Amino acid sequence: MPDLAPPGAAGLPDIAWLTALANEMFRAPPDSLMPSVPMPVGGFGLAPPSAPLPVGGFGLAPPSAPLPEVPPLGTSVPGEGELRALLGGAPATPVPALPAATSPGAFGGFGLAPLSTPLPDVPSLGTSVPGEADLRALLGGSPAAPVPVVPAAKPAGAFGGFGLAAPSTPLPDVPALGTSVPGEAELRALLGPALDQQAPPAAPASPGTSTPSFYFLEEAGHGVPAFAARPDVAPGPNFDANARRADFPILAERVNGRPLVWLDNGATTQKPRAVIDRLVYFYEHENSNIHRAAHTLAARATDAYEGAREIVRRFLHAGSVDEIVFVRGTTEGINLVAKSWGRRYIGAGDEIVITWLEHHANIVPWQMLCEQTGAKLRVAPVDDDGQVLLDEYGKLLGPRTKLVAFTQVSNALGTITPSHLMTRMAHAVGARVLLDGAQSVSHMRTDVQSIGCDWFVFSGHKVFGPTGIGAVYGRADVLEESPPWQGGGNMIADVTFEHTEYHRPPTRFEAGTGNIGDAVGLGAALEYVEQVGLEAIAAHEHDLLLYATRLLGQIPGLRLLGTAPEKAGVISFVIDGFSSEEIGRALNQDGIAVRAGHHCAQPILRRFGVESSVRASLALYNTHADIDALATAVRRIRSSAPGRF
């Protein structure tokens with residue numbers, strides 16, 4: 001750069017000096033401050049804006065109206081240091097020092113108002129902030145057109161809501177700059193056209209992404225923050241459970257003075273910060289009953305609730321949101337099917353087939369239905385490893401079989417059933433199939449269309465979501481032929497004293513006010529799991545399962561229950577001479593949380609000759625250190641006298 005020592009008194013720059021400086025910065029001819037043709041937006045692989053967009057300063061006409069105050073966007077807006085670095089040439093070139101002044105034009109020579117205090121040094125911003133090429137394209141073109149004001153919308157990404165990647169390090173807080181820095185509306189206007197044209201493929205939609213409004217007010221864009229999981233751990237062999245633990249605040253708890261070791265995930269999983277924050281935001285900004293009300297909060301709540309339904313659809317790979325019914329959990333979902341489709345289509349002499357692996361929730365509702373209708377319940381046996389005996393299962397299927405209901409993963413043993421094959425076998429005799437996914441959704445990818453099941457049920461609290469919420473997937477034609485199971489508001493189209501007309505699914509099955517906030521929390525939980533990656537989770541948990549099986553299997557007097565080759569992260573065991581409850585109490589003294597009892601699966605435990613067991617169940621945040629702590633504590637218990645704890 002040539003010598004640009006500014007002339008004039010008191011070291012203040014004059015117009016000629018500022019013009020020369022701007023020309024050098026943008027490497028343009030002296031008679032043209034800006035390039036005549038907009039250049040591609042650098043750093044993001046995005047196309048240039050469809051129309052030139054001006055910005056005040058740089059010799060361009062100012063906006064038609066003053067720019068707004070900088071909104072409290074946290075650390076998402078560049079400060080003076082960032083802008084200087086970005087506009088100062090190649091990254092390796094030091095930013096030229098500019099003289100201070102007290103008149104307009106002193107802010108980096110850009111025609112902006114001066115600052116009362118210096119801004120901090122420029123941090124390492126990676127490639128997530130617009131570079132020189134970006135700003136050339138955005139600032140180029142006709143200087144006379146005013147900057148359009150664009151309505152605020154839901155953020156589409158972590159960087160200030162503009163769909164850009166997060167900086168590699170946090171940006172400094174935005175100082176009080178008055179009206180001299182573009183506000184959110186101006187930045188949206190500048191960045192929007194380019195982002196709309198060739199934005200890179202986005203991650204799965206989150207509660208913070210811009211989605212179509214499901215409500216007649218069309219008010220989807222009210223600024224919900226992007227409660228996304230941290231992108232620092234990519235799915236694959238480099239999965240780092242220790243890094244993920246930071247997402248779960250409760251794992252910092254101490255129990256009896258010891259760090260909490262949470263190995264009771266089969267009963268309920270802990271909640272990541274993304275879910276906690278999403279729930280807080282809902283109750284602070286969106287809480288309302290859904291549908292029909294003509295006000296803004298109803299629109300927000302409806303969009304959030306129906307948006308969560310779409311997340312569940314995507315997570316299960318269902319064909320339509322109309323196939324997703326919100327319920328309190330797996331138990332309510334199974335009862336819905338039994339009391340709706342079951343009461344209409346199951347009669348005397350019909351047969352319902354389940355397996356020995358089932359949770360009580362997939363036994364009792366069918367027993368009740370059989371008592372009411374005269375149908376018969378038949379049970380497929382398992383072998384000594386806890387696997388369904390497929391030959392025996394096949395023998396139970398026949399022309400009288402109307403329904404087959406079985407678990408995808410046993411909650412007591414961890415056995416993974418061959419759900420695709422068992423479903424095809426049932427359909428071959430004309431039976432419907434319900435798949436219990438309560439223990440599978442957090443461990444493996446679910447594709448209800450690939451499996452071919454007629455219903456799939458699961459609970460949110462077992463997949464890092466809130467309690468009291470779950471979902472039923474029902475194939476569209478099966479839901480259409482099913483009557484309502486509860487009556488009340490929301491599920492009706494028209495009511496007279498003589499007749500009621502019901503809505504179509506899924507609303508037909510959601511009588512009354514649903515669990516709106518927790519449905520939104522469930523959506524956040526499923527998005528968290530999607531971002532971590534189910535394949536990465538499954539690989540990590542399988543490694544832990546092998547490690548735990550080896551360590552515990554070496555302890556004398558300890559018997560493992562369920563040794564099927566295909567297992568999810570469940571380790572169930574008993575120790576000679578010790579009750580399960582005694583072992584559970586002793587482990588709790590060391591801060592280790594396990595489940596001790598019959599696990600609501602008494603038939604399968606009795607198949608192995610026991611009334612209860614100790615169950616350690618795994619999740620994505622468990623580590624080898626957790627398994628070491630469990631094995632050490634179990635060895636200590638084994639070496640002590642029974643009845644001591």
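Because the structure is predicted, anything quoted here is derived from the model rather than measured.
- The pair Arg607-Asp383 does not meet the salt-bridge criterion, since no charged nitrogen lies less than 4.0 angstrom from a carboxylate oxygen.
- Using a distance-only test at 3.5 Å, with no hydrogens or angles considered, a donor-acceptor pair links the side chain of Ser640 to the main chain of Ile637.
- Separation of the Tyr528 and Phe248 ring centroids falls under the 6.0 Å cut-off.
- Arg638 contributes atom CZ, which lies 6.5 Å from atom CZ of Phe578 (distance to the nearest 0.5 angstrom).
- His461 and Thr268 share a donor-acceptor pair across their side chains, judged by distance under 3.5 Å alone.
- The two residues Leu605 and Gly597 come nearest to each other via the heavy atoms CD1-O, 3.9 Å.
- Of the charged side-chain nitrogens involved, at least one lies within less than 4.0 Å of a carboxylate oxygen, so that Glu611 and Arg606 count as a salt-bridged pair.
- In the displayed structure, Glu566 atom CD is contacted under 6.0 Å by at most 12 heavy atoms of other residues, nucleotides or ligands.
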- request: I would like to know whether Arg258 and Gln589 meet side-chain contact (heavy atoms from CB on, under 4.5 Å); could you show each step before the answer?
  value: CA-CA 8 Å; Arg258 305 290 185 90; Gln589 293 178 10; over 6 Å; no

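- Contact of the Val520 side chain with the Tyr281 side chain is not registered, since no non-hydrogen atoms from C-beta on lie closer than 4.5 Å.
- One distance of note links CG of Leu545 with OG of Ser617; it measures 11.5 Å at 0.5 Å rounding.
- Of the possible donor and acceptor atoms, none in the side chain of Asn287 sits under 3.5 Å from a partner among the backbone N and O of Phe282.
- In this structure, Leu630 CG and Ile571 CD1 are separated by 7.5 Å, a value rounded to the nearest 0.5 Å.
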query: Could you go step by step and tell me if Glu310 and Arg313 meet the salt bridge (charged side-chain N to carboxylate O under 4.0 Å, His left out) rule?
result: CA-CA 5 Å; Glu310 163 57 22; Arg313 182 211 65 78; 2.9 Å; yes

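- When only modelled atom types and interatomic distance are considered, His420 and Ser450 share a side-chain donor-acceptor pair under 3.5 Å.
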- prompt: Can you check side-chain contact (heavy atoms from CB on, under 4.5 Å) on Leu434 and Val404, steps first, answer last?
  reply: CA-CA 6 Å; Leu434 180 144; Val404 173; over 6 Å; no

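- Between Ile604 and Glu358 the shortest side-chain heavy-atom distance does not fall below 4.5 Å.
- Annotation: side chain of Asp264 is in contact with side chain of Arg615 (closest heavy-atom distance under 4.5 Å).
- Among Met422, His443, Met444, the one residue that satisfies the side-chain contact (heavy atoms from CB on, under 4.5 Å) test with Gln408 is Met444.
- Between Asp626 and Arg245 there is a salt bridge, since at least one side-chain N of the basic residue sits less than 4.0 Å from a carboxylate O of the acidic one.
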Check against side-chain contact (heavy atoms from CB on, under 4.5 Å), Val574 and Phe608: CA-CA 11 Å; Val574 293; Phe608 287 91; over 6 Å; no

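- With hydrogens and angles disregarded, a donor-acceptor distance shorter than 3.5 Å links the side chain of Asn256 to the backbone of Asn588.
- Here the side chains of Glu306 and Val321 are not in contact, with every heavy-atom distance at 4.5 Å or above.
- Heavy-atom minimum distance, His291 versus Thr302: N-OG1, 2.9 Å.
- Contact of the Val614 side chain with the Arg595 side chain is not registered, since no non-hydrogen atoms from C-beta on lie closer than 4.5 Å.
- Minimum interatomic distance between Ala318 and Ile324 (heavy atoms only, all atoms of both residues): CB-CD1, 4.1 Å.
- Defined by atom type and a distance below 3.5 Å, a donor-acceptor pair is missing between the side-chain atoms of Thr415 and Ser410.
- Within the model, atoms CG of Leu435 and OG1 of Thr417 stand 6.5 Å from one another, a figure rounded to the nearest 0.5 Å.
- No donor-acceptor pair closer than 3.5 Å links the side chain of Gln602 to the backbone N or O of His598.
- No donor-acceptor distance shorter than 3.5 angstrom exists from the side chain of Lys462 to the backbone of Asn265, with no hydrogens or angles considered.
- Without hydrogens or angle criteria, Arg300 side chain to His285 main chain gives a donor-acceptor distance under 3.5 Å.
- Checked for salt-bridge contact, Glu510 and Arg309 meet the test: a charged N lies under 4.0 Å from a carboxylate O.
- Annotation: side chain of Arg635 is in contact with side chain of Gln554 (closest heavy-atom distance under 4.5 Å).
- In summary, the aromatic rings of Phe326 and Tyr305 are positioned with their centroids under 6.0 Å apart.
- Side chain to side chain, Thr330 and Ser459 meet the donor-acceptor criterion of an N or O pair below 3.5 Å.
- Between Leu561 and Phe573 the shortest side-chain heavy-atom distance does not fall below 4.5 Å.
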query: When you look at Val472 and Phe458, which way does the side-chain contact (heavy atoms from CB on, under 4.5 Å) test go after all the steps?
result: CA-CA 7 Å; Val472 174; Phe458 75 96; over 6 Å; no

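- Of the possible donor and acceptor atoms, one in the side chain of Gln449 sits under 3.5 Å from a partner among the backbone N and O of His317.
- With rounding to the nearest 0.5 angstrom, the CD atom of Gln486 is 10.0 Å from the CG atom of Asn335.
- Under the 4.0 Å criterion applied to side-chain N and carboxylate O atoms, Arg273 and Asp247 are not assigned as salt-bridge partners.
- In this structure, the side chains of Phe315 and Val441 come closer than 4.5 Å at one or more pairs of heavy atoms.
- By the 6.0 Å contact criterion, NE2 on His542 is open, its count of non-hydrogen atoms from other residues, nucleotides or ligands being 12 or less.
- Looking at every heavy atom in both residues, Asn490 comes nearest to Gly512 through CB-O, 3.8 Å.
- Looking only at distances, a side-chain donor or acceptor of Asp436 sits under 3.5 Å from a matching main-chain atom of Ala438.
- A donor and an acceptor atom, one from each side chain of Thr407 and His359, are nowhere located under 3.5 Å apart.
- Contact between Gly386 and Leu413 at its shortest, heavy atoms only, is CA-CD1, 4.0 Å.
- In summary, Asp590 and Arg636 engage in a salt bridge, as defined by a charged side-chain N under 4.0 Å from a carboxylate O.
- Taking the six-membered ring wherever Trp is involved, the centroid distance between the rings of His540 and His624 does not fall below 6.0 Å.
- Remark: side-chain polar atoms of Asp518 are not paired, donor with acceptor, to backbone N or O of Asn515 under 3.5 angstrom.
- Using modelled atom types, one side-chain atom of Thr355 and one backbone atom of Leu357 make a donor-acceptor pair closer than 3.5 Å.
- Residue Thr623 comes nearest to Ala241 through the heavy atom pair CG2-CB, 3.9 Å, listed as atom of the first residue, atom of the second, then distance.
- Between the OG1 atom of Thr446 and the CG atom of Leu316 there is a distance of 6.0 Å, given to the nearest 0.5 Å.
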